[in-house]
Amino acid sequence: MATGDGSEVRPELDRRQARSLVFDALAAAIPGLRIEALDEQQELYGDLGMDSLGFVTLLVELESKLDVPLADEDLMTIELFSVADLVDLVER
């Protein structure tokens, strides 16, 4: 979809699509993680055992899958504690 100024606008994702992208990115960032075992209520660090390196890997995976850079400034203003927080971010 074009905006008229030469840039493209990515269509919004519905919850199912956002959830699928997040689950795939989590599986890529956390070795041995099974997508079937994921749910949105899980905490990234407490339940999934994510560490800081895994979090950076996750963000890189999401940027790649979305083909959109995630700005550090934006990430600093939101709280990403659970899988649902990530799905909300991607859904926007």
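- Criterion: ILVMFWY side-chain heavy atoms under 4.5 Å apart, direct or through other members. Under it, Leu70 and Val56 are not part of a common hydrophobic cluster.
- Leu86 and Val68 fall within the same hydrophobic cluster, where Ile, Leu, Val, Met, Phe, Trp and Tyr residues are linked whenever their side-chain heavy atoms come under 4.5 Å apart, directly or through other members.
- Under the rule for a salt bridge (Lys or Arg N to Asp or Glu O under 4.0 Å), Arg16 has no partner lying at least two apart in sequence or in another chain.
- Interatomic distance, CG of Leu89 versus CG of Leu66, reported as 8.0 Å (0.5 Å rounding).
- Considering CD of Glu61 and CG of Leu58, their distance stands at 8.0 Å, rounded to 0.5 Å.
- Applying the side chain to side chain donor-acceptor pair (under 3.5 Å) test to Glu36 and every residue at least two apart in sequence or in another chain returns Arg34.
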Name every donor-acceptor pair, under 3.5 Å, that has one atom in a side chain of residues 18-25 and the other anywhere in the protein, sequence neighbours excluded.
residue : atom : partner : partner atom : Å
Arg19   : NH1  : Glu40   : OE2          : 3.4

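- Following chains of ILVMFWY side-chain contacts shorter than 4.5 Å, one can reach Ile35 starting from Leu13, so the two form part of one hydrophobic cluster.
- Counting only residues at least two apart or on different chains, no salt bridge (charged side-chain N to carboxylate O under 4.0 Å, His left out) pair has a member in residues 43-54.
- Panel note: side chain Ser64, backbone Val60; no donor-acceptor pair is recorded below 3.5 Å.
- Contact annotation: the side chain of Leu44 approaches that of Val83 to within less than 4.5 Å [non-hydrogen atoms, C-beta and beyond].
- Applying the salt bridge (charged side-chain N to carboxylate O under 4.0 Å, His left out) test to every pair with at least one member in residues 77-92, sequence neighbours left out, gives these pairs: Arg15-Asp88, Arg15-Glu91.
- With sequence neighbours left out, the side-chain contact (heavy atoms from CB on, under 4.5 Å) criterion links Tyr45 to Met50, Phe55.
- The shortest heavy-atom contact between Gly54 and Ala29 is O-CB, 3.7 Å.
- In this structure, Leu80 and Ile78 have side chains that are in contact, with non-hydrogen atoms separated by less than 4.5 Å.
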